[in-house]
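Order of the sequence lines sets the chain letters (A, B, ...), proteins ahead of strands, with each chain counted from 1. Please read all numbers here as calculations on a predicted model, not as lab measurements.
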Amino acid sequence: MPELPDVQIFKEYLDATALHQRVAEVLACQGSLLEDISCPALARRLTGNALTVTARHGKNLFARIGDGGYLVMHFGMTGFLRYFKDRDKSPEHTRLLLRLHNGYFLAYVCQRKLGRIGLADSLEDYAEKKQLGPDALELSRDPDAFVGRLQGHRGALKGLLMNQKVIAGFGNIYTDEVLFQAGLHPKRSAGELSDPQRRSLAATGRHVLETAIEHRVGEKGWPGNWLLPKRRKGQKCPRCGRAIERITVSGRAGYYCPGHQR
DNA sequence: TTCCATGTTCCGCA
DNA sequence: TTGCGGAACATGGA
(Lines give C-alpha, C1' and ligand atoms only; values in the text may rest on other atoms or scores of the structure.)
Protein backbone atom coordinates (compact mmCIF):
# COMPACT_ATOMS: atom_id res chain seq x y z
CA MET A 1 0.00 0.00 0.00
CA PRO A 2 2.50 2.68 1.02
CA GLU A 3 3.15 4.83 -2.00
CA LEU A 4 3.03 8.62 -1.88
CA PRO A 5 -0.76 8.96 -1.37
CA ASP A 6 -0.77 6.33 1.36
CA VAL A 7 2.14 7.96 3.20
CA GLN A 8 0.40 11.34 2.95
CA ILE A 9 -2.62 9.75 4.64
CA PHE A 10 -0.35 8.25 7.34
CA LYS A 11 0.99 11.76 7.89
CA GLU A 12 -2.50 13.15 8.36
CA TYR A 13 -3.29 10.24 10.69
CA LEU A 14 -0.26 10.98 12.84
CA ASP A 15 -1.16 14.69 12.87
CA ALA A 16 -4.62 13.83 14.17
CA THR A 17 -3.50 11.34 16.83
CA ALA A 18 -0.10 11.02 18.48
CA LEU A 19 1.30 14.41 17.52
CA HIS A 20 2.30 16.57 20.54
CA GLN A 21 1.99 13.64 22.96
CA ARG A 22 5.19 13.04 24.89
CA VAL A 23 6.71 9.58 24.64
CA ALA A 24 6.73 7.89 28.04
CA GLU A 25 8.40 4.67 27.01
CA VAL A 26 9.55 2.65 24.00
CA LEU A 27 8.00 -0.78 24.53
CA ALA A 28 9.05 -2.62 21.39
CA CYS A 29 11.78 -2.08 18.85
CA GLN A 30 12.91 -4.27 15.97
CA GLY A 31 16.60 -3.49 15.57
CA SER A 32 16.88 -4.90 12.04
CA LEU A 33 14.65 -2.11 10.71
CA LEU A 34 16.74 0.67 12.20
CA GLU A 35 19.19 2.65 10.09
CA ASP A 36 22.43 3.77 11.73
CA ILE A 37 21.05 3.69 15.28
CA SER A 38 20.48 1.10 18.00
CA CYS A 39 17.24 0.49 19.85
CA PRO A 40 18.56 1.88 23.15
CA ALA A 41 19.83 5.00 21.40
CA LEU A 42 16.53 5.52 19.62
CA ALA A 43 14.64 5.01 22.89
CA ARG A 44 16.82 7.62 24.60
CA ARG A 45 16.20 10.03 21.76
CA LEU A 46 12.41 9.60 21.90
CA THR A 47 11.66 9.21 25.59
CA GLY A 48 10.49 12.44 27.18
CA ASN A 49 10.00 14.16 23.84
CA ALA A 50 6.94 14.60 21.67
CA LEU A 51 6.62 14.37 17.89
CA THR A 52 5.92 17.98 17.07
CA VAL A 53 5.72 18.50 13.31
CA THR A 54 5.36 16.10 10.38
CA ALA A 55 6.49 16.27 6.79
CA ARG A 56 6.66 13.94 3.81
CA HIS A 57 9.06 13.50 0.93
CA GLY A 58 8.13 10.82 -1.57
CA LYS A 59 7.29 7.70 0.42
CA ASN A 60 9.15 8.88 3.54
CA LEU A 61 7.35 10.26 6.59
CA PHE A 62 9.26 12.67 8.84
CA ALA A 63 8.29 13.53 12.42
CA ARG A 64 10.27 16.14 14.31
CA ILE A 65 11.39 14.96 17.74
CA GLY A 66 10.90 17.82 20.20
CA ASP A 67 12.83 20.71 18.73
CA GLY A 68 15.66 18.55 17.40
CA GLY A 69 16.00 16.28 14.41
CA TYR A 70 13.51 14.01 12.69
CA LEU A 71 12.33 10.48 13.06
CA VAL A 72 12.13 9.11 9.51
CA MET A 73 9.79 6.27 8.64
CA HIS A 74 9.67 4.31 5.44
CA PHE A 75 6.93 1.71 5.17
CA GLY A 76 8.27 -0.84 2.70
CA MET A 77 5.46 -2.80 1.07
CA THR A 78 3.36 -3.58 4.13
CA GLY A 79 3.89 -0.84 6.72
CA PHE A 80 1.41 1.47 8.46
CA LEU A 81 0.78 3.34 11.73
CA ARG A 82 -1.79 2.58 14.40
CA TYR A 83 -2.87 4.68 17.39
CA PHE A 84 -4.86 2.94 20.09
CA LYS A 85 -5.70 2.97 23.78
CA ASP A 86 -5.73 -0.68 24.81
CA ARG A 87 -2.33 -2.33 24.67
CA ASP A 88 -4.00 -5.69 24.14
CA LYS A 89 -5.11 -4.32 20.74
CA SER A 90 -1.48 -4.00 19.68
CA PRO A 91 -1.38 -5.08 16.01
CA GLU A 92 0.51 -8.14 14.87
CA HIS A 93 3.94 -7.35 13.39
CA THR A 94 4.37 -4.20 15.44
CA ARG A 95 8.03 -3.23 14.99
CA LEU A 96 8.12 -0.04 17.07
CA LEU A 97 5.73 0.61 19.92
CA LEU A 98 5.57 3.89 21.84
CA ARG A 99 3.65 4.43 25.04
CA LEU A 100 2.53 8.05 25.26
CA HIS A 101 1.90 10.18 28.31
CA ASN A 102 -1.83 10.36 27.59
CA GLY A 103 -2.06 6.58 27.99
CA TYR A 104 -2.38 5.84 24.28
CA PHE A 105 0.05 3.85 22.12
CA LEU A 106 1.52 4.49 18.71
CA ALA A 107 2.64 1.46 16.72
CA TYR A 108 4.72 1.25 13.55
CA VAL A 109 3.59 -2.00 11.97
CA CYS A 110 5.45 -3.76 9.15
CA GLN A 111 4.69 -7.35 8.34
CA ARG A 112 7.42 -8.02 5.77
CA LYS A 113 10.16 -6.04 7.49
CA LEU A 114 11.01 -4.15 4.34
CA GLY A 115 10.41 -0.80 6.01
CA ARG A 116 13.11 1.35 7.62
CA ILE A 117 13.26 3.68 10.61
CA GLY A 118 16.01 6.23 11.03
CA LEU A 119 16.94 9.72 12.10
CA ALA A 120 17.73 12.81 10.04
CA ASP A 121 18.76 16.36 10.79
CA SER A 122 16.54 17.71 8.02
CA LEU A 123 14.50 16.59 5.02
CA GLU A 124 17.17 17.95 2.73
CA ASP A 125 19.92 15.93 4.43
CA TYR A 126 17.91 12.76 4.21
CA ALA A 127 16.95 13.29 0.57
CA GLU A 128 20.59 13.89 -0.29
CA LYS A 129 21.80 10.86 1.63
CA LYS A 130 19.26 8.63 -0.12
CA GLN A 131 19.72 10.46 -3.43
CA LEU A 132 15.98 11.03 -3.64
CA GLY A 133 14.59 13.02 -6.51
CA PRO A 134 12.02 15.79 -5.99
CA ASP A 135 8.74 14.85 -4.35
CA ALA A 136 6.34 13.60 -7.02
CA LEU A 137 3.38 15.65 -5.82
CA GLU A 138 5.30 18.92 -5.74
CA LEU A 139 7.06 18.21 -9.02
CA SER A 140 3.83 17.37 -10.84
CA ARG A 141 2.50 20.80 -9.83
CA ASP A 142 5.38 22.41 -11.68
CA PRO A 143 5.08 21.06 -15.26
CA ASP A 144 8.26 22.74 -16.52
CA ALA A 145 10.32 21.17 -13.75
CA PHE A 146 8.65 17.82 -14.35
CA VAL A 147 9.50 17.94 -18.05
CA GLY A 148 13.10 18.84 -17.27
CA ARG A 149 13.39 16.02 -14.79
CA LEU A 150 12.31 13.42 -17.36
CA GLN A 151 14.58 14.64 -20.12
CA GLY A 152 17.72 12.66 -20.84
CA HIS A 153 16.34 9.26 -19.78
CA ARG A 154 15.85 6.53 -22.33
CA GLY A 155 14.61 3.50 -20.37
CA ALA A 156 11.06 2.20 -20.03
CA LEU A 157 8.57 4.78 -18.76
CA LYS A 158 7.40 2.50 -15.98
CA GLY A 159 10.91 2.04 -14.64
CA LEU A 160 11.57 5.77 -14.90
CA LEU A 161 8.51 6.76 -12.90
CA MET A 162 9.32 4.16 -10.25
CA ASN A 163 12.92 5.35 -9.92
CA GLN A 164 13.01 7.27 -6.63
CA LYS A 165 16.23 8.99 -7.66
CA VAL A 166 14.39 10.63 -10.54
CA ILE A 167 11.03 11.32 -8.85
CA ALA A 168 10.21 10.29 -5.29
CA GLY A 169 6.77 8.91 -4.58
CA PHE A 170 5.40 6.74 -7.39
CA GLY A 171 5.44 2.99 -6.80
CA ASN A 172 4.30 0.07 -8.87
CA ILE A 173 0.56 0.57 -8.34
CA TYR A 174 0.26 4.27 -9.02
CA THR A 175 2.74 4.12 -11.89
CA ASP A 176 0.40 1.68 -13.63
CA GLU A 177 -2.51 4.03 -12.99
CA VAL A 178 -0.72 7.12 -14.30
CA LEU A 179 0.40 5.40 -17.49
CA PHE A 180 -3.09 3.97 -17.97
CA GLN A 181 -4.70 7.40 -17.70
CA ALA A 182 -2.01 8.95 -19.86
CA GLY A 183 -2.52 6.31 -22.57
CA LEU A 184 1.16 5.39 -22.57
CA HIS A 185 2.58 1.86 -22.78
CA PRO A 186 4.68 0.90 -19.72
CA LYS A 187 7.56 -0.20 -21.98
CA ARG A 188 7.50 2.92 -24.07
CA SER A 189 10.94 4.48 -24.10
CA ALA A 190 11.08 7.67 -22.07
CA GLY A 191 13.39 9.15 -24.67
CA GLU A 192 10.72 8.97 -27.38
CA LEU A 193 8.35 11.30 -25.57
CA SER A 194 7.90 14.85 -26.77
CA ASP A 195 7.94 17.63 -24.22
CA PRO A 196 4.17 18.19 -24.63
CA GLN A 197 3.71 14.49 -23.82
CA ARG A 198 5.92 14.87 -20.74
CA ARG A 199 3.89 17.91 -19.73
CA SER A 200 0.68 15.93 -20.14
CA LEU A 201 2.17 13.13 -18.03
CA ALA A 202 2.80 15.66 -15.25
CA ALA A 203 -0.86 16.70 -15.33
CA THR A 204 -2.01 13.09 -15.22
CA GLY A 205 0.38 12.30 -12.37
CA ARG A 206 -0.84 15.29 -10.42
CA HIS A 207 -4.47 14.32 -11.00
CA VAL A 208 -3.92 10.72 -9.86
CA LEU A 209 -1.99 11.68 -6.73
CA GLU A 210 -4.34 14.47 -5.68
CA THR A 211 -7.43 12.37 -6.30
CA ALA A 212 -5.99 9.43 -4.39
CA ILE A 213 -5.19 11.64 -1.39
CA GLU A 214 -8.37 13.72 -1.37
CA HIS A 215 -10.72 10.79 -1.70
CA ARG A 216 -8.58 8.34 0.29
CA VAL A 217 -9.06 5.94 -2.57
CA GLY A 218 -6.58 3.41 -1.20
CA GLU A 219 -8.92 2.85 1.73
CA LYS A 220 -12.31 3.45 0.19
CA GLY A 221 -11.90 1.86 -3.22
CA TRP A 222 -10.77 3.37 -6.48
CA PRO A 223 -12.96 5.16 -9.01
CA GLY A 224 -14.62 2.78 -11.44
CA ASN A 225 -12.98 4.32 -14.48
CA TRP A 226 -9.47 3.77 -13.03
CA LEU A 227 -7.25 0.83 -13.81
CA LEU A 228 -6.58 -0.04 -10.17
CA PRO A 229 -9.86 -1.82 -9.34
CA LYS A 230 -9.38 -3.86 -12.52
CA ARG A 231 -5.68 -4.46 -12.07
CA ARG A 232 -5.78 -8.18 -12.84
CA LYS A 233 -5.13 -10.12 -15.99
CA GLY A 234 -8.23 -10.64 -18.12
CA GLN A 235 -10.32 -7.86 -16.56
CA LYS A 236 -11.94 -5.46 -19.02
CA CYS A 237 -10.45 -2.03 -19.58
CA PRO A 238 -12.94 0.54 -18.22
CA ARG A 239 -12.09 2.87 -21.12
CA CYS A 240 -12.14 0.68 -24.19
CA GLY A 241 -13.23 -2.80 -23.11
CA ARG A 242 -10.06 -4.63 -24.16
CA ALA A 243 -8.66 -7.29 -21.83
CA ILE A 244 -6.06 -6.01 -19.34
CA GLU A 245 -2.67 -7.66 -19.81
CA ARG A 246 0.20 -8.36 -17.44
CA ILE A 247 3.82 -7.85 -18.45
CA THR A 248 7.13 -7.60 -16.63
CA VAL A 249 8.86 -4.23 -16.90
CA SER A 250 12.00 -3.24 -15.04
CA GLY A 251 11.63 -6.35 -12.92
CA ARG A 252 8.08 -5.59 -11.76
CA ALA A 253 4.64 -6.78 -12.76
CA GLY A 254 2.87 -4.18 -14.83
CA TYR A 255 -0.78 -4.19 -15.87
CA TYR A 256 -1.98 -2.22 -18.84
CA CYS A 257 -4.56 -2.00 -21.60
CA PRO A 258 -3.18 -2.91 -25.04
CA GLY A 259 -6.15 -1.10 -26.60
CA HIS A 260 -5.37 2.47 -25.62
CA GLN A 261 -1.86 2.47 -24.08
CA ARG A 262 0.80 2.93 -26.73
C1' DT B 1 4.75 -26.58 -2.75
C1' DT B 2 5.40 -22.79 -5.68
C1' DC B 3 4.49 -18.35 -7.05
C1' DC B 4 3.55 -13.72 -6.18
C1' DA B 5 3.26 -9.28 -3.66
C1' DT B 6 2.19 -1.88 -3.35
C1' DG B 7 9.34 -1.67 -0.92
C1' DT B 8 14.83 -0.71 -1.86
C1' DT B 9 19.57 -2.22 -2.79
C1' DC B 10 23.11 -4.44 -5.20
C1' DC B 11 25.37 -6.45 -9.21
C1' DG B 12 26.39 -7.19 -14.03
C1' DC B 13 26.14 -5.59 -18.61
C1' DA B 14 26.30 -2.26 -22.29
C1' DT C 1 31.23 6.43 -15.73
C1' DT C 2 26.39 6.11 -16.08
C1' DG C 3 22.01 4.11 -16.90
C1' DC C 4 19.19 0.22 -17.10
C1' DG C 5 17.16 -4.19 -15.75
C1' DG C 6 17.05 -8.31 -13.08
C1' DA C 7 17.93 -10.80 -8.70
C1' DA C 8 17.91 -10.72 -3.85
C1' DC C 9 15.92 -9.55 0.44
C1' DA C 10 11.70 -10.99 4.52
C1' DT C 11 7.33 -12.74 5.18
C1' DG C 12 2.96 -14.74 4.38
C1' DG C 13 -1.27 -15.59 1.51
C1' DA C 14 -3.31 -17.74 -2.67
For this session: Indicate, with yes or no, if the rings of Tyr83(A) and Tyr104(A) have centres closer together than 6.0 Å.
Result: yes
Exercise. Quick one: is Lys59(A) getting a side-chain N or O under 4.0 Å of the dT8(B) phosphate, OP1 or OP2?
Worked result: yes
For this session: Please determine, for the side chain of Arg252(A), which listed nucleotide (dG12(C), dG3(C), dG7(B)) has the closest atom?
Result: dG7(B)
For this session: Report yes or no: do Gln151(A) and Asp195(A) form a side-chain donor-acceptor pair below 3.5 Å?
Result: yes
Problem set entry | DNA chain B: 5'-proximal contact among Met162(A) and Ala253(A) (nearest heavy atom) | Ala253(A)
For this session: Verify the contact: side-chain N or O of Lys130(A) to OP1 or OP2 of dT8(B), cut-off strictly under 4.0 Å; return yes or no.
Result: no
Exercise. Which whole-number value in Å describes the distance from Asp36(A) CG to dT9(B) P?
Worked result: 12 Å
Exercise. Under a 4.5 Å cut-off applied to non-hydrogen side-chain atoms, are Val109(A) and Thr78(A) in contact?
Worked result: no
Exercise. Checking all strands, does Arg116(A) fall into the base, sugar-phosphate, or nothing category for heavy-atom contacts under 4.0 angstrom?
Worked result: nothing
Exercise. How long is the line joining NZ of Lys165(A) and P of dG7(B), in whole Å?
Worked result: 14 Å
Seminar exercise, completed: Asn163(A) atom CG is separated from dC4(C) atom P, nearest whole Å, by 8 Å
Exercise. More 5' along DNA chain B: Arg246(A) or Glu35(A), using each one's nearest nucleotide?
Worked result: Arg246(A)
Problem set entry | Rounded distance (Å) that lies between atom P of dG7(B) and atom CD1 of Ile167(A) | 14 Å
Exercise. If you measure from the P atom in dC11(B) to the same atom in dA10(C), how many Å do you get, rounded?
Worked result: 15 Å
Exercise. Across all strands, who's sitting opposite dA10(C) as a Watson-Crick or G-U wobble pair, both distances under 3.5 Å?
Worked result: none
Problem set entry | Whole-Å distance separating the CZ atom of Phe75(A) from the C1' atom of dG7(B) | 12 Å
For this session: Tell me what Gly159(A) touches on the nucleic acid: a base, only sugar-phosphate, or nothing, going by heavy atoms under 4.0 Å.
Result: nothing
Exercise. Considering every strand shown, what is the Watson-Crick or G-U wobble mate of dT1(B) when both distances are under 3.5 Å?
Worked result: none
For this session: Can you tell me the distance, in whole Å, between the NZ atom of Lys233(A) and the P atom of dC3(B)?
Result: 16 Å
Exercise. Is the Lys NZ or Arg CZ of Arg95(A) less than 6.0 Å from the centre of Tyr108(A)'s six-membered ring, within 45° of the axis?
Worked result: no
Exercise. Can you find a donor-acceptor N/O pair under 3.5 angstrom joining the side chain of Arg112(A) to the base of dG13(C)?
Worked result: no
Seminar exercise, completed: Out of dT11(C), dG7(B), dG3(C), minimum distance to the side chain of Met77(A) belongs to dG7(B)
Exercise. Rounded to whole angstrom units, what separation is found between the CG atom of Leu114(A) and the P atom of dT9(B)?
Worked result: 11 Å
Exercise. Is any side-chain heavy atom of Leu97(A) less than 4.5 Å from a side-chain heavy atom of Phe105(A)?
Worked result: yes
Exercise. Looking only at side-chain N and O atoms, does Tyr255(A) come under 4.0 Å of OP1 or OP2 in dA5(B)?
Worked result: yes
Exercise. Within the pair His153(A) and dG3(C), is there a side-chain N or O less than 4.0 Å away from OP1 or OP2?
Worked result: no
Exercise. Between the side chains of Lys158(A) and Asn172(A), is a donor N or O closer than 3.5 angstrom to an acceptor N or O?
Worked result: yes
Exercise. Which part of the nucleic acid, if any, lies within contact of Arg95(A), taking any heavy atom under 4.0 Å across all strands shown: a base, the sugar-phosphate backbone alone, or nothing?
Worked result: nothing
Exercise. Once you round it to whole Å, what is the distance between C1' of dG5(C) and CG of Leu161(A)?
Worked result: 16 Å
